[in-house]
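Take a look at the structure below.
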Amino acid sequence: MKIEWTDDLSLNIPEMDEQHKQLIALINEFYNAVERGEREEGIRRLFDGVDRYAVFHFSAEEAFMEQIGYPELASHRETHAMFRREYMAAMERHEAGDRKAVRDLVAFLFSWLYTHIQKTDKRYSAFYHRGAAQN
């Protein structure tokens with residue numbers, strides 16, 4: 001199932017929104033590869049892409065939260081660490097031959113988009129916009 005960017009995913013922070021769109025693109029590229037009959041290539045690109053995405057995006061997002069003085073930065077970092085653990089576990093399961101690992105990773109990515117972004121990320125967005133409105 002492909003994902004479309006919607007306004008309810010937007011943080012109204014262009015840099016973060018663009019990075020979140022990259023995660024959506026990774027998932028959609030995986031589905032496109034599967035539809036073309038290139039499942040194994042799609043899996044490889046999905047794992048590689050998620051790995052690069054997590055390193056780049058989490059660093060950028062945490063730096064942004066540090067810059068704005070976000071008080072919940074430590075707990076947000078922990079959610080990022082949990083993402084990395086989930087991703088690594090799925091990759092290890094896949095490499096061990098578990099065919100369900102990819103499906104579980106994709107389900108986790110969907111959940112991440114709709115729960116982490118819409119709930120956890122929206123909190124730092126609100127904090128940022130409250131501060132920006134006061135200045």
Side-chain angles (χ1 to χ4, degrees):
M1 182 171 117
K2 292 184 184 171
I3 305 170
E4 288 189 32
W5 178 262
T6 57
D7 286 342
D8 60 331
L9 289 171
S10 179
L11 302 179
N12 293 310
I13 302 169
E15 178 184 2
M16 296 302 124
D17 286 346
E18 286 305 312
Q19 291 176 20
H20 289 153
K21 288 175 185 178
Q22 290 174 11
L23 181 58
I24 291 172
L26 283 170
I27 297 168
N28 288 340
E29 287 172 21
F30 167 72
Y31 280 113
N32 290 337
V34 170
E35 287 174 357
R36 290 189 309 268
E38 301 169 356
R39 185 176 191 279
E40 290 307 312
E41 177 64 17
I43 290 170
R44 185 190 61 73
R45 286 194 314 246
L46 179 67
F47 277 110
D48 290 347
V50 169
D51 188 45
R52 284 191 314 276
Y53 172 83
V55 169
F56 173 76
H57 173 63
F58 293 163
S59 294
E61 193 172 66
E62 290 170 13
F64 178 79
M65 287 185 274
E66 201 168 296
Q67 177 186 347
I68 65 171
Y70 185 57
E72 295 177 41
L73 175 57
S75 65
H76 202 103
R77 277 192 174 123
E78 181 51 39
T79 65
H80 289 168
M82 184 270 302
F83 179 98
R84 288 183 192 98
R85 287 190 299 271
E86 286 287 327
Y87 159 75
M88 293 302 292
M91 186 174 68
E92 289 168 6
R93 287 176 46 216
H94 174 70
E95 289 174 352
D98 183 349
R99 294 187 53 85
K100 190 176 173 239
V102 173
R103 185 175 11 166
D104 290 347
L105 175 63
V106 172
F108 172 72
L109 294 174
F110 266 87
S111 172
W112 181 265
L113 277 168
Y114 291 105
T115 58
H116 179 80
I117 293 174
Q118 289 185 325
K119 292 185 173 122
T120 308
D121 285 355
K122 290 277 184 166
R123 288 197 300 266
Y124 82 74
S125 172
F127 177 83
Y128 168 72
H129 289 293
R130 278 192 306 272
Q134 291 175 2
N135 292 330

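Just so it is clear, the values below take in all heavy atoms, side chains as well, and ignore hydrogens, waters and symmetry mates. These numbers were taken from a predicted model, which means no experiment stands behind them. In this chain, residues are counted from 1 in sequence order.
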Query raised in the report: Please walk me through it: do Glu4 and Lys21 pass salt bridge (Lys or Arg N to Asp or Glu O under 4.0 Å)?
Result: CA-CA 9 Å; Glu4 288 189 32; Lys21 288 175 185 178; over 6 Å; no
Just by modelled atom types, is the [Y] backbone N or O under 3.5 Å from a matching donor or acceptor in the [X] side chain?
X      : Y      : answer
Asn28  : Ile3   : yes
Thr115 : Ser111 : yes
Ser75  : Glu72  : yes
Ser125 : Asp121 : no
Lys122 : Ser10  : yes

State, yes or no, whether a side-chain contact exists between [X] and [Y] at a heavy-atom distance under 4.5 Å.
X      : Y      : result
His129 : Asn12  : yes
Asp98  : Asp104 : no
Arg93  : Lys100 : yes
Arg44  : Asp48  : yes
Glu95  : Met91  : yes
Phe108 : Leu113 : no
Lys2   : Asn32  : yes
His76  : His116 : yes

Query raised in the report: Do other residues, nucleotides or ligands put more than 12 heavy atoms under 6.0 Å from Asp8 CG?
Result: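 More than 12 within 6.0 Å, yes.
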Query raised in the report: More than 12 heavy atoms of other residues, nucleotides or ligands under 6.0 Å from CZ of Arg99: is that the case?
Result: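 No - once you tally the heavy atoms of other residues, nucleotides and ligands closer than 6.0 Å, there are 12 at most.
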Identify the heavy atoms of [X] and [Y] that sit nearest to each other, and give their distance.
X      : Y      : result
Ala101 : Ala90  : CB-O, 3.4 Å
Ala54  : Arg84  : O-NH2, 4.2 Å
Gly69  : Phe127 : O-CZ, 3.5 Å
Gly42  : Ala33  : CA-CB, 3.6 Å

Requested in this report: Please step through ring pair (Phe, Tyr, Trp, His ring centres under 6.0 Å) for the pair Tyr128 and Phe64, ending with a clear verdict.
Outcome: CA-CA 10 Å; Tyr128 168 72; Phe64 178 79; 5.1 Å; yes
Once rounded to the nearest 0.5 Å, what's the spacing between atom [atom1] of [X] and atom [atom2] of [Y]?
X      : Y     : atom1 : atom2 : answer
Leu26  : Arg52 : CG    : CZ    : 7.5 Å
Gln19  : Phe58 : CD    : CZ    : 10.5 Å
Gln118 : Leu11 : CD    : CG    : 10.0 Å

Query raised in the report: According to the interplanar angle, ranging from 0 to 90°, do the rings of Tyr87 and Phe47 count as parallel (below 30°), tilted (30 to 60°) or perpendicular (above 60°)?
Result: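 It falls in the tilted class, 30° to 60°.
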**Report entry** Parallel, tilted or perpendicular, as decided by the 30° and 60° cut-offs, for the rings of His80 and Trp112
**Finding:**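 Tilted: the ring planes of Trp112 and His80 meet at 30° to 60°.
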Query raised in the report: For Lys119 and Tyr114, what are the C-alpha separation, side-chain angles and deciding distance, and is it a side chain to side chain contact (heavy atoms under 4.5 Å, CB included)?
Result: CA-CA 8 Å; Lys119 292 185 173 122; Tyr114 291 105; over 6 Å; no
Query raised in the report: Which is it for Arg123 and Tyr70 under the side chain to side chain contact (heavy atoms under 4.5 Å, CB included) test, yes or no, and what are the steps along the way?
Result: CA-CA 9 Å; Arg123 288 197 300 266; Tyr70 185 57; 3.3 Å; yes
Requested in this report: Please assess Phe30 against Leu109 for the test side chain to side chain contact (heavy atoms under 4.5 Å, CB included), listing each intermediate value before the final yes or no.
Outcome: CA-CA 12 Å; Phe30 167 72; Leu109 294 174; over 6 Å; no
Query raised in the report: Among side-chain atoms of Glu61 and His57, is any donor-acceptor pair under 3.5 angstrom?
Result: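 Distance-only check passes for Glu61 and His57.
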